[in-house]
There are 2 protein chains.
Amino acid sequence: MLFDPRRALGRGGSSDVTSDSIWAPLFQRLKTTTGAADQDLQALAALPIALRNYRENQTVLRDGEQPSECCLIADGFCVRSKTIADGRRQILSIHIPGDLPNLQNLHYGTVDHDLVALSDCTLGFVGHRALKDLIRERPGVADLFWRDTLVDAAISREWIVNVGQRSTYNRLTHLIVELRERLRLVGRVIDNTFAIPLTQEQLGEAMGVTSVHTNRILRDLRVDGVLELQRGTVRILNEHKLQELAQFDGRYLHLSPLS
Amino acid sequence: MLFDPRRALGRGGSSDVTSDSIWAPLFQRLKTTTGAADQDLQALAALPIALRNYRENQTVLRDGEQPSECCLIADGFCVRSKTIADGRRQILSIHIPGDLPNLQNLHYGTVDHDLVALSDCTLGFVGHRALKDLIRERPGVADLFWRDTLVDAAISREWIVNVGQRSTYNRLTHLIVELRERLRLVGRVIDNTFAIPLTQEQLGEAMGVTSVHTNRILRDLRVDGVLELQRGTVRILNEHKLQELAQFDGRYLHLSPLS
DNA sequence: CGGCCAGTTGACCCCAATCAAGGATCGTGG
DNA sequence: CCACGATCCTTGATTGGGGTCAACTGGCCG
């Protein structure tokens, strides 16, 4: 099998996800960001989980649904999005392998946004019943999950800052650096290159600007030698300039157990 | 004692909060939005809680701090905000009586934003130790709190939509309607009039626009007969127009136990 | 080969920022 | 009681960032 960078970067292929590796990205992240106990992780890995594959652009959860399962992204990328009355759409968050994008439905029934696969994805589904039982049995697991949703909330807050205050030029770099830091945690950054499988239209929807303007920002970033984005892959050209533009302070990601 | 609308609307006075009423707004909200068990609420009310008063504009929590307590807003208004390198500030959320704005610090130590009193406030502080013990002892309390942080996150997501996609005219009305719905839950709306003790500068920081522009939007809303905002108090003039502008779909507030 | 969708660029326009100058309100001290 | 300074509100003039519209390119796939 030839080296396929898109596979290595976790963009595409979903067929080679084995039941062993479903939990791998989540566990990898939890181990570095929390003091997760091995027993808790083992208990998680013992949960019954149903694998399902989704195609690019397929909707995983629709606004208004009442799912009876929570999903774990084993491979691929998803986004949360909301569409308002006039048809304009906002992307709320980007989700990567190891993320649990609808844990909140354990506590309230209805999803209040869409969850859409950006790339071909492999998702694992665990029933609420099993999760609730495990949480009661193992408070440590409850803590892990609760914390996860809290970091998710912290990321949303930073997203508000990004959309509300930063210039679009800074905004895009901030978004990219955040994604890189999160991808790093699950081993999806190779050689300062990583996947960001959004079209320019979708990047615009994440930033609150049009695709036309996104295109111009990307051109500027390319011309200025900061980074290149081609076919869903980012390559950083000048780390120093990138940092300067993004003004990224990663504390809100709470990457270590004590922060 | 004369009728003081600012007091009735929960804007100002903090001196008359008794230890009986500290928990009242939180309990009122939990009772309508969740199926909170009375025993769980009683256990909460039995927690040792330290009352502290804050003046308008006083900082309650500073970005980077590591608090050892969580706070409950007994009376008054606070905001979360973040300031970026160039000095621009974004208000992330508005907090009202009954809110628990830093529950997240139970799970990660460092606050990643500021918490500032908008008006004179009475806050109750409960130590992390006591909260963690209670949560272990009573899973029902853990569920209440976890759910609370999840609704907080849902509100942040809607805030992203507001800042990213809605026209500023719609944006302000949406913000106002959301606040009204939340204030209604804790009995702080009287006669379609309620407190929103933000300066126009702060409203601008909440919406990602300047105070000058906020002023013009408010003028338009007044001229169009939609609503009036004077000295921190909103009066709705035309509910129909307001609804039309705000396009408010309150599902994300998850106001009933099953939603 | 042809259709389709993402990306690219130019021309034009409008919403909101910026800059600037007054006006209203309020707490404080003479 | 009035003078004051501070803060917030208000409005006009000007500028600029980003939206809109439109045309064209290029890669991919049936």
Side-chain angles (χ1 to χ4, degrees), chain A residues 6 11-12 55-58 84 86-91 116 118-120 162-173 195-224 227-234 245, chain B residues 4 6 11-12 55-58 84 86-91 116-120 162-172 175 195-224 227-234 245:
Chain A
R6 290 166 65 132
R11 272 209 59 191
R55 327 279 347 235
E56 189 178 329
N57 284 324
Q58 198 176 345
I84 61 177
D86 65 3
R88 296 171 65 89
R89 187 160 40 156
Q90 175 69 41
I91 287 177
V116 181
L118 280 178
S119 59
D120 291 351
N162 211 28
V163 174
Q165 300 298 339
R166 278 189 261 267
S167 75
T168 51
Y169 199 66
N170 296 333
R171 197 180 304 176
L172 182 52
T173 50
I196 172 167
L198 310 198
T199 64
Q200 294 183 356
E201 170 121 44
Q202 289 166 330
L203 275 176
E205 288 170 348
M207 295 191 292
V209 300
T210 60
S211 62
V212 173
H213 194 56
T214 304
N215 181 278
R216 294 196 228 265
I217 303 167
L218 281 169
R219 171 169 49 71
D220 292 347
L221 287 170
R222 195 181 336 112
V223 168
D224 295 348
L227 59 83
E228 271 180 344
L229 196 161
Q230 268 169 32
R231 270 167 289 110
T233 300
V234 181
L245 291 170
Chain B
D4 175 355
R6 290 168 63 135
R11 270 207 63 192
R55 329 280 345 239
E56 188 178 329
N57 284 324
Q58 199 176 342
I84 62 177
D86 65 3
R88 297 172 64 91
R89 187 160 39 154
Q90 176 70 40
I91 288 178
V116 180
L118 280 179
S119 59
D120 292 350
N162 213 25
V163 175
Q165 299 298 338
R166 277 189 260 268
S167 75
T168 52
Y169 200 64
N170 296 332
R171 198 181 302 175
L172 181 52
L175 185 155
I196 171 166
L198 308 194
T199 65
Q200 294 183 359
E201 170 122 45
Q202 291 165 331
L203 275 175
E205 288 169 349
M207 294 191 292
V209 301
T210 61
S211 62
V212 173
H213 194 56
T214 305
N215 181 277
R216 294 194 227 265
I217 301 166
L218 281 169
R219 172 169 49 72
D220 292 347
L221 287 169
R222 194 180 337 112
V223 169
D224 294 349
L227 57 84
E228 270 179 346
L229 196 162
Q230 269 169 29
R231 270 167 287 113
T233 300
V234 181
L245 290 170

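Proteins get letters first, then strands, A, B, ... in listed order; numbering begins at 1 in each. Being a predicted model, the structure only gives us computed values, none of them experimental. FYI, side chains are in, hydrogens and waters are out, and symmetry mates aren't considered; it's all heavy atoms of this structure.
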Enquirer: Which value, rounded to the nearest 0.5 Å, describes the distance between L218(B) atom CG and R216(B) atom CZ?
Expert: 12.0 Å

Enquirer: Please list, pair by pair, any protein nitrogen or oxygen found under 3.5 Å from a nitrogen or oxygen in nucleotides 24-30 of chain D.
Expert:
none

Enquirer: What protein N or O atoms touch nucleotides 13-16 of chain C N or O atoms at under 3.5 angstrom, if any, and at what distances?
Expert:
residue : atom : partner : partner atom : Å
dA16(C) : OP1  : T168(B) : OG1          : 3.3
dA16(C) : OP2  : T168(B) : OG1          : 3.2
dA16(C) : OP2  : H213(B) : NE2          : 3.3
dA16(C) : O5'  : H213(B) : NE2          : 3.3

Enquirer: Just the rounded figure in Å: distance from C1' of dG27(C) to CZ of R55(B).
Expert: 13 Å

Enquirer: Has the side chain of E228(A) got a donor or acceptor atom that lies under 3.5 Å from a matching backbone atom of R222(A)?
Expert: no

Enquirer: If you measure from OG1 on T214(A) to CG on L203(A), what distance do you get to the nearest 0.5 Å?
Expert: 6.0 Å

Enquirer: Less than 4.5 Å apart, any side-chain heavy atom of V209(A) and any of R171(A)?
Expert: yes

Enquirer: With the sugar-phosphate defined as primed atoms, P, OP1 and OP2, and the base as all remaining atoms, what B/S/- string results for nucleotides 4-11 of chain C, 5' to 3', for protein heavy atoms under 4.0 Å?
Expert: ---SBBBB

Enquirer: Go through it in stages, so that I can follow the logic: the residues are N170(A) and I84(B), the test is side chain to side chain contact (heavy atoms under 4.5 Å, CB included), and I'd like the CA-CA distance, side-chain angles, deciding distance and then a yes or no.
Expert: CA-CA 11 Å; N170(A) 296 333; I84(B) 62 177; over 6 Å; no

Enquirer: Return yes if some donor-acceptor pair links the side-chain N/O of Q90(A) with the main-chain N/O of E205(A) below 3.5 Å, else return no.
Expert: yes

Enquirer: Exactly one of V163(B), L175(B), T168(B) should register a side-chain contact (heavy atoms from CB on, under 4.5 Å) with M207(B). Which one does?
Expert: L175(B)

Enquirer: Tell me the interatomic distance from D120(B), atom CG, to dG27(C), atom C1', rounded to whole angstroms.
Expert: 14 Å

Enquirer: Look up atom CG in L227(A) and atom OG1 in T173(A), then write down how far apart they are to the nearest 0.5 Å.
Expert: 8.0 Å

Enquirer: Given D224(B) and L245(B), is the side chain to side chain contact (heavy atoms under 4.5 Å, CB included) satisfied, shown in steps?
Expert: CA-CA 11 Å; D224(B) 294 349; L245(B) 290 170; over 6 Å; no

Enquirer: Could you tell me whether a side-chain N or O of D120(A) sits under 3.5 Å from a main-chain N or O of R55(A), the two making a donor and an acceptor?
Expert: no

